[in-house]
> 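Got a structure here, written out as C-alpha cells. Questions coming.
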Amino acid sequence: MAEETLPGTADDDGPDSIVLHVDMDCFYAACERLREPELEGEPVVVGMGYEPGEGHGAVATASYEAREFGVESAQPISTALERLPRIDDLGPDDDPAAAGHYRTVDLEFYKSVAADVKAILHDCADVVREVSIDEAYLDVTDRTAWDLAASGDRTLAEGFARYVKQRIAREVGVAASIGVAPNMSTAKIASDFDKPDGLVVVRPGEVRSFLAPISVEEVHGVGPVTARKLGSLGIDTAGDLAEADASVLEAEFGSRGRELHERARGYDDRTVTPTGRPKSLSRESAFTDPTDDIEDKREVVRALAADVADRARSRGAMYRTIGIKVVVPPFDINTRATSLSGPVDDPELVESVALDLLDAEFAETTVRKLGVRVSKLSFADADQSSLDGWESAEAGETGGDGDERVSDEPEATAGDDGDDEPPNTGGEAPSRGGQSSLVEFD
Ligand code: DCP
Ligand code: MG
C-alpha cells in the first residue's frame, strides 16, 4: 500500500531509524518467579501493605494469570484480595485455582535483576534510553537493517529484536515484550500490542496503518484531559486524529495539537537520547491577552498539569513537590509549591494541587502566563547515590520504595519551594500567542 511520505518515516533524510522499545512483562512478579520457580504459571500479586492489619497498600503488579481475575497495578490490596483470595487463607472447600500468591515488594532485588537486563541492552545497542526500572528504548539503526533477511519475508531488524529477547530470557530468566519501529512512539505502542512475550515489528511503510485503529489515549503526549477533549470532538482513534483538520487541533490545543496530529500520522522525530536525570519537569503557557477569568486560568492549569504528569510518568520519575508559576503583567513572577510526604506518580494529584494553589491566591489576579512544575524527582531505577543534589528537606522520606504511588495527603506548606532552583526569572520570552507558547520553565 502506498503511503504518504512524511519526514521521520521515509527516506528523505537518510535511512529510516530502527528503534526498539523493550518492556519487561509483569516485571516485579517475574522477578519473584526467578527466586521461586514454583510460582511459574500461578497467579502472583506483588504489592505493599496487604499483611493483616495493614490494608492500605496497593498492587504494584500482578502476573498475567492474576490479571485474569481482575487484579491490576495501582489497585487497593483490599480489592485484589476480594477478587483473588490469598492461597494461604483458603478453607478446605475453597478452590485453590481461584487463589493467588501474594509477595511484598523487594525493590533492591528487582533493581539487581533490572541491572542485568540493562547490561544486555547496553551490549546490544550503543544508544539506550532507560525510561523506568523495566523499560528502555534502543536505537539500533547502525546494528541492523530494515532489509528482508535472505530466508524469507522477515526483516533483519526483527531477527535482531528476537536475539535481544532471547538473550534476556536465557541470561536473566525474565520475559520482555519488544516493539520495533522507525520511531520511538510507534515502538512503544508496538511493545504493548502483543503482551506478554510479544514481538511486534512495524515497518517504515506500515506505521500509519498500524496506528489507525489505536485509541488516542495510546498516542504519546495524550493524557486523560486531552483524550476527553478529543473525544468531545469525535476523535477517538489515532486514525481519527490523523485525519482531523490540523487547524482545528491547533485552535483547540495550540502547537501541541499540531504535534499530536503528526504523531498520529506516524511522524515522531525525537531521537533516542541516553537517559538524563532532570531535577524538575515543568511546562508553561502564555495567554494572548492577560486574563482574570478563573475558568480560563483553571483550564490552562489542568492541561499543563496533565502534560507535566504525563512527561514525568514517561520518564519514570516520581515527585515530592508540585508547584505553579503565575506571571502577572508585566513580568511579576510568583511561584508557589506544595511538598508531599513521599514521592508519587499521581496525575490527579498534580492537577488538584496545582488548582488549589491557583485558587488559594490567584483566583482574582490578572495573569499573562501560567506554569506547572513537579520537582524533587526520584527515579525507579536510580541508585540512591545518583539522586545527587536532592537533600531530604522533610522528615519521613520514604525513598521511593515500590508503590509510593498511593498518594499521601499534601502537607499544607504552600510557599516558595526553598530547595528548588529558582525559576527562569530573567528575560521572559515574548508570548508567541495563546496556548501555543508552551515552553519549559526550568
Ligand atoms: N509498578 C508499580 N506501580 C504501578 C505500576 C508499576 O509499582 N502503578 C511497578 C511494578 C511493575 C513495574 O513497575 O512490575 C513495571 O511497570 P509496568 O507498567 O511495565 O508493568 P509490568 O511490567 O508489571 O506489566 P506489563 O507486562 O504490563 O509491562
Ligand atoms: Mg513492564
Side-chain angles (χ1 to χ4, degrees), residues 20-35 39 43-50 56-68 70-77 79-80 100-115 117-118 121 129-137 165 168-169 172-179 187-200 217-218 220 224 309-310 312-319 342-350 378-382 398-408:
L20 266 53
H21 181 256
V22 180
D23 189 307
M24 312 308 297
D25 298 329
C26 57
F27 184 58
Y28 291 6
C31 293
E32 292 297 336
R33 284 171 166 166
L34 269 185
R35 53 182 178 188
L39 295 178
V44 178
V45 180
V46 182
M48 303 262 275
Y50 61 84
H56 286 303
V59 173
T61 196
S63 71
Y64 282 77
E65 293 81 357
R67 293 181 199 193
E68 301 270 303
V71 179
E72 55 189 40
S73 292
Q75 193 169 60
I77 282 284
T79 311
H101 304 262
Y102 283 73
R103 295 293 178 268
T104 303
V105 168
D106 177 358
L107 200 57
E108 286 312 308
F109 176 56
Y110 310 152
K111 280 184 188 170
S112 72
V113 179
V117 173
K118 303 273 165 79
L121 300 183
R129 181 172 187 85
E130 299 179 15
V131 181
S132 74
I133 191 166
D134 85 326
E135 189 188 342
Y137 291 93
K165 218 166 122 64
I168 297 169
V172 188
V174 289
S177 289
I178 302 188
K188 180 164 170 69
I189 293 170
S191 75
D192 200 42
F193 197 75
D194 192 27
K195 261 182 174 290
D197 204 25
L199 173 56
V200 173
E217 281 161 49
E218 308 278 320
H220 182 88
D310 241 9
R313 181 166 288 180
S314 73
R315 292 187 177 197
M318 309 225 273
Y319 30 88
V344 301
D345 163 12
D346 187 342
E348 282 175 18
L349 191 66
V350 178
S378 53
F379 294 85
D381 63 342
T398 47
D401 284 355
D403 64 349
E404 294 299 328
R405 300 166 201 227
V406 188
S407 68
D408 297 296

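Atoms within a ligand are numbered from 1 in the order they appear, just like the ligands themselves.
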> Given side chains that start at C-beta, do those of Ile133 and Lys111 come closer than 4.5 Å, heavy atoms only?
yes

> Could you tell me, atom by atom, which parts of ligand 1 come under 4.0 Å of a heavy atom of Asp23?
19 (O), 28 (O)

> With respect to the Mg ion (ligand 2), what is the nearest N, O or S atom of Asp23?
OD1

> Say whether Tyr64 and ligand 1 are in contact under the criterion: heavy-atom distance to a ligand atom below 4.0 Å.
yes

> Would you check if the side chain of Tyr50 reaches a backbone N or O of Thr104 as a donor-acceptor pair within less than 3.5 Å?
yes

> Distance check, rounded to the nearest 0.5 Å: Lys165 atom NZ versus Leu20 atom CG?
11.0 Å

> Between Asp345 (side chain only) and Arg313 (backbone N and O only), is there a donor and an acceptor less than 3.5 Å apart?
no

> The Mg ion (ligand 2) is nearest to which N, O or S atom of Asp134?
OD2

> Salt-bridged, Asp23 to Lys188, with N to O below 4.0 Å?
no

> Looking only at atom types and distance, does a side-chain atom of Gln75 sit under 3.5 Å from a main-chain N or O of Glu72, one as donor and one as acceptor?
yes

> Output yes if Ser177 passes the N/O/S-under-2.8 Å test against the Mg ion (ligand 2); output no otherwise.
no

> So for Arg67, does at least one of its heavy atoms come nearer than 4.0 angstrom to any atom of ligand 1?
yes

> Mind checking whether Met24 contacts ligand 1 via backbone (N, CA, C, O), side chain (CB onward), both or neither, at a 4.0 Å heavy-atom cut-off?
backbone

> Which of the listed options, Tyr110, Tyr28, Phe27, holds the heavy atom that is closest to atom 13 (O) of ligand 1?
Tyr28

> Enumerate the atoms of ligand 1 whose separation from the nearest heavy atom of Thr61 is less than 4.0 angstrom.
10 (C), 11 (C), 14 (O), 21 (P), 23 (O)

> If you measure from NZ on Lys118 to CG on Asp134, what distance do you get to the nearest 0.5 Å?
7.5 Å

> With a cutoff of 4.0 Å, is Glu135 in contact with ligand 1, counting heavy atoms of the residue only?
no

> Mind running side chain to side chain contact (heavy atoms under 4.5 Å, CB included) on Tyr64 and Lys195 for me, showing each step along the way?
CA-CA 9 Å; Tyr64 282 77; Lys195 261 182 174 290; 3.5 Å; yes

> Contact between Cys26 and ligand 1, counting heavy atoms under 4.0 Å?
yes

